[in-house]
Amino acid sequence: MVLTSAGRACMIKWPLQWWSNYPRLSCGCRKPPRASRTGLNQAINNKGDNMPKKNARVRYAPSPTGYPHVGNIRTALFNWLFARHTGGSFIVRIEDTDTARTVSGAEDVILESLRWLGLDWDEGPGKGGAYGPYRQSERLEYYQKAARQLVEQGNAYYCYCAPERLEEMRSGQIANKQPPGYDRRCRELDPHKKSGFSGECPHPVIRFKTPIEGSTAFCDELRGEVAFENRSIDDFIILKADGFPTYHLASVVDDHLMQISHIMRAEEWISSAPKHVLLYGALGYQPPRFAHLPMILGPDRSKLSKRHGAVSITQYREEGYLPQAMVNFLALLGWSLDDKTDIISLQTLVESFTLERIGKTAAVFNREKLDWMNGVYIRSLSLDDLVRQAMPFLEKYLPDSVERPLDEGYVKKVMPLIHERAKTLREIPQLVDFFFTPDIGYEAGLLIGKKMDRQMSLNALEVTLDHLEKLEPFTHDTLEQSLRPLAEELELKAGQLFGIIRVAVTGLTVAPPLFETMVVLGKVKCLQRIKQAISSLSAYTC
RNA sequence: GCCCCCAUCGUCUAGAGGACUAGGACAGCGGCCUUUCAAGCCGUCAACAGGGAUUCGAAUUCCCUUGGGGGCACCA
């Protein structure tokens, strides 16, 4: 009897004969009564159970066929959190067994994404480890050996069917509304004789000889027992014509060899899990535990893909999201701490991350909430950190007319003014460019204040200029003491006057608080811009 | 077509038979603050997919229906 982390019980008996029917799990783990779950939990707590709650060995196994999207990364994060929570190991394994689709540079991007988020790995590329190598393309011998073993045991067979034949067969099946699948023509060929079909294909593949009868079940940590009729499982390919394994064989062999304790992967893998269970059985391996994580969906509730726009995690970095915000947000997609917490430190995440609190409902990626959360994290940054993080974005996106390199001291004076206004680092340059550009262009009509006409506004600007020229020192307080009474003198509301000055000085109707802005800009520049405003308003005709 | 998974506000979620008049967050809306915008604070709108069954009692357990999603490659 083994207990799942959810306190559910599973009894798995591995048959001596691989082809005998795998027993349905007598785990009763499919939605057991609450009471019994509680009882089981107590058993876990009180007795030394054999649950590997400690020192879990989990892996993130990306395929370098593209850049990782938020779903992949969420899977990586959950694995990482589980490893750290249990004091176990987080292993990165590159599943590069598809030579045709491998994208050069993708592996680097994947690893860089992990580093960006702070998901450090204990074993894997660039790190090594006792179970390496960690790239499947460097482990072919293991898979080939396992495949040979299966053929020798009679659990697998060479298949000489050409891709064209398979394609034809598949389209015929689909046209006839039949479930697509291999017709098992080569299943019973004698492996010791040259087959009559061998002429068709010089490089045969190896297929698994799936039992025809019975069913195969496994215990999902989140859902309980999941069972499949064997007749619905194809004689899937385990070794391709080029000698590379398919995912099914490679992941089973490696998860065994690397002593992975829990497979945590996306829900889309559920339907291939019985194939893996069958392989574990045939190879004589003890299978690890399975936890199929709920999917992350696009706004249209379908599986995340390129057409959903921003999905590559690197894109979020480029768009100015903070890694800690990203981690916090992703952690909450499919997992929760309690009924009210949404800003969670990494430390708390690690301390409290358990499988029990992972949900099973697919989640839609909600960009607005991410934006809000990113704003929260930006606001929590120290000024120095904000400057450091914003600098690359300013260097890159401030208009060309701004002289480079930027003056860090000046940036440091500007940043407090937008600190609580920025939702992403990427939008900071637009928020502050008037502090940097030599000329601010704007529509002169904006200089006309609310419920005012051109002449009144012009007059206000002229009087303001007059006052400011004499103002010394040029500080928030002196500005306030000078300008507020001035508004009264002009029989204007403070907002009316300040609005005009704001446009004159920043070119914007929406900007950081006026006096702070003017102080940072400096007296000289303010006067110069107000003069410019007076002349453009003088020339303005509506 | 076949198989599998899932089902609480628009979205992310809390919910372990009585604590539910269903809680929190984002978004929306209204207000306060206020020189604009933010931030902050206060308030408001808003959900147990439907039907049976079990039970004194069901968001919670079971069944069916419906809906959504995923899978069915010499891809992972």
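Everything numeric in this text was worked out from a predicted model, so none of it was measured. Below, read A as the first sequence line, B as the second, and so on, with proteins coming before strands; counting in each chain starts at 1.
Counting non-hydrogen atoms under 4.0 angstrom, A/R170 reaches the backbone sugars and phosphates but no base. Residue contacts shown for A/P512 include a base, since a base heavy atom lies under 4.0 Å away. Across all strands, A/G334 comes closer than 4.0 Å only to sugar-phosphate atoms, never to a base (heavy-atom distances). Base contact: A/V205 has a heavy atom under 4.0 Å from a base atom. A/G495 comes within 4.0 angstrom of the backbone, heavy atoms only, and of no base. Counting any heavy atom pair closer than 4.0 Å across all strands shown, A/R265 reaches no nucleic acid atom. At a threshold of 4.0 angstrom between heavy atoms, the contacts of A/T65 with the nucleic acid are absent. Contacts of A/S251 with the nucleic acid, taken as non-hydrogen atoms under 4.0 Å apart, are absent. The residue A/P513 sits close to a base: some heavy atom pair falls under 4.0 Å.
In a base pair of the Watson-Crick type (N1 to N3 plus N6-O4 or O6-N4) or a G-U wobble (N1-O2 and O6-N3), with each distance short of 3.5 Å, B/G1 is matched with B/C72. Nucleotide B/A7: paired with B/U66 (Watson-Crick or G-U wobble, both distances less than 3.5 Å). Shown here, B/G28 forms a base pair with B/U44; the pair counts as Watson-Crick or G-U wobble because both key distances fall under 3.5 Å. Summarising the base pairing, B/U54 is matched to no nucleotide, lacking a Watson-Crick or G-U wobble pair whose two defining distances lie under 3.5 Å. Pair assignment for B/C37: none, as no Watson-Crick or G-U wobble contacts are both less than 3.5 Å. B/U60 makes up no base pair with any nucleotide shown, lacking Watson-Crick or G-U wobble contacts both under 3.5 Å.
Taking every side-chain heavy atom of A/Y247 into account, B/A76 is the closest of B/A76, B/U35, B/A14. Minimum atom distance to the side chain of A/P179 is reached by B/G1, of the listed B/C75, B/G1, B/C5. Residue A/W372 has its side chain nearest to B/C26 when only B/C26, B/U13, B/U35 are considered. Of the candidates B/A76, B/C74, B/G1, the closest approach to any side-chain atom of A/P163 belongs to B/C74. Of the candidate nucleotides B/C75, B/A39, B/A7, B/A7 has the atom nearest to the side chain of A/T361. When distances are taken from the side chain of A/R379 to each of B/G40, B/U35, B/A76, the shortest belongs to B/G40. Among B/C72, B/A76, B/C6, the nucleotide with an atom closest to any side-chain atom of A/T97 is B/A76. Minimum atom distance to the side chain of A/E95 is reached by B/A76, of the listed B/C37, B/A76, B/U35. Listed nucleotides B/U36, B/U11, B/A76 differ in distance to A/T246; the shortest reach to its side chain belongs to B/A76. The side chain of A/K369 lies closest to B/C26, out of B/C26, B/U35, B/A76.
Nearer the 5' end of RNA chain B, as judged by each residue's closest nucleotide, is the contact made by A/D342, out of A/D342 and A/F498. Between A/K450 and A/A363, the one whose closest nucleotide on RNA chain B sits nearer the 5' end is A/A363.
For the P atom pair drawn from B/C12 and B/U54, the interatomic distance equals 34 Å after rounding to whole Å. Rounded to whole Å, the separation between the C1' atoms of B/C3 and B/U8 comes to 28 Å. Rounded to a whole angstrom, the distance from the C1' atom of B/U36 to that of B/A59 is 46 Å. Comparing B/C42 with B/C4, their C1' atoms sit 48 Å apart, to the nearest whole Å. B/U55 and B/C2: their P atoms are spaced 36 Å apart (whole Å). When the C1' atom is used for both B/U35 and B/A19, the distance is 49 Å, rounded to whole Å. Comparing B/A14 with B/U60, their P atoms sit 16 Å apart, to the nearest whole Å.
At a cut-off of 3.5 Å, with distance as the only test, a side-chain donor of A/Y143 or A/D254 sits close to an acceptor on the other residue.
Rounded to a whole Å, the CG atom of A/L333 is 12 Å from the C1' atom of B/C26. In this structure, CG of A/D338 is placed 13 Å from P of B/G24, rounded to the nearest angstrom. Remark: C1' of B/U13 and CD1 of A/I358 are 15 Å apart, rounded to the nearest angstrom. With rounding to whole Å, A/H419 atom NE2 is found 17 Å from B/C37 atom C1'. Across the protein-nucleic acid pair, A/F329 atom CZ and B/C26 atom P stand 13 Å apart, rounded to whole Å. The distance from atom CD of A/E107 to atom C1' of B/A76 is 15 Å, rounded to the nearest whole Å. Computed from coordinates, the A/D96 CG to B/C75 P distance equals 13 Å when rounded to whole Å. Between A/F236 atom CZ and B/C75 atom P the separation is 14 Å, expressed in whole Å.
Residue pairs satisfying the salt bridge (charged side-chain N to carboxylate O under 4.0 Å, His left out) criterion with at least one member in residues 291-300 of chain A, sequence neighbours excluded, are listed as follows: A/D300-A/R307. Listed by first and then second residue, the salt bridge (charged side-chain N to carboxylate O under 4.0 Å, His left out) pairs involving residues 331-340 of chain A amount to none (not counting sequence neighbours).
Within a 6.0 Å sphere centred on NZ of A/K493, heavy atoms belonging to other residues, nucleotides or ligands number 12 at most.
Contact annotation: A/S232 side-chain N/O to B/C2 OP1/OP2 distance is not under 4.0 Å. A close approach under 4.0 Å does not occur between any side-chain nitrogen or oxygen of A/R367 and OP1 or OP2 of B/U11. The shortest distance between the side-chain N/O atoms of A/K240 and the OP1/OP2 oxygens of B/A73 is not below 4.0 Å. Using a 4.0 Å cut-off, no side-chain N or O of A/S63 falls inside it from OP1 or OP2 of B/C75.
Remark: the A/R421 side chain and the B/C37 base include a donor-acceptor N/O pair separated by less than 3.5 Å.
Checked against the 6.0 Å centroid threshold, A/F515 and A/F498 count as a close aromatic pair. Checked against the 6.0 Å centroid threshold, A/F236 and A/H248 count as a close aromatic pair. A centroid separation of 6.0 Å or more is found between the aromatic rings of A/H69 and A/F365. Ring centroid separation for the pair A/F78 and A/W335 does not come in under the 6.0 Å cut-off. Ring pair A/W372/A/Y377: centre-to-centre distance not below 6.0 Å.
Between A/R170 and A/E167, at least one side-chain N (NZ, or NE/NH1/NH2) sits under 4.0 Å from a carboxylate O, which counts as a salt bridge.
Remark: the backbone N or O of A/Y157 is not paired with any side-chain donor or acceptor of A/R207 at under 3.5 angstrom.
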Any protein N or O atoms within reach of nucleotides 67-71 of chain B? Criterion: under 3.5 Å, listing atom names and distances.
{"from": "B/G70", "atom 1": "OP1", "to": "A/K303", "atom 2": "N", "distance (Å)": "2.6"}
{"from": "B/G71", "atom 1": "OP1", "to": "A/K303", "atom 2": "NZ", "distance (Å)": "2.2"}
{"from": "B/G71", "atom 1": "O4'", "to": "A/S271", "atom 2": "OG", "distance (Å)": "3.3"}
{"from": "B/G71", "atom 1": "O2'", "to": "A/S271", "atom 2": "OG", "distance (Å)": "2.7"}

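One distance of note links CZ of A/R265 with CG of A/D255; it measures 7.5 Å at 0.5 Å rounding.
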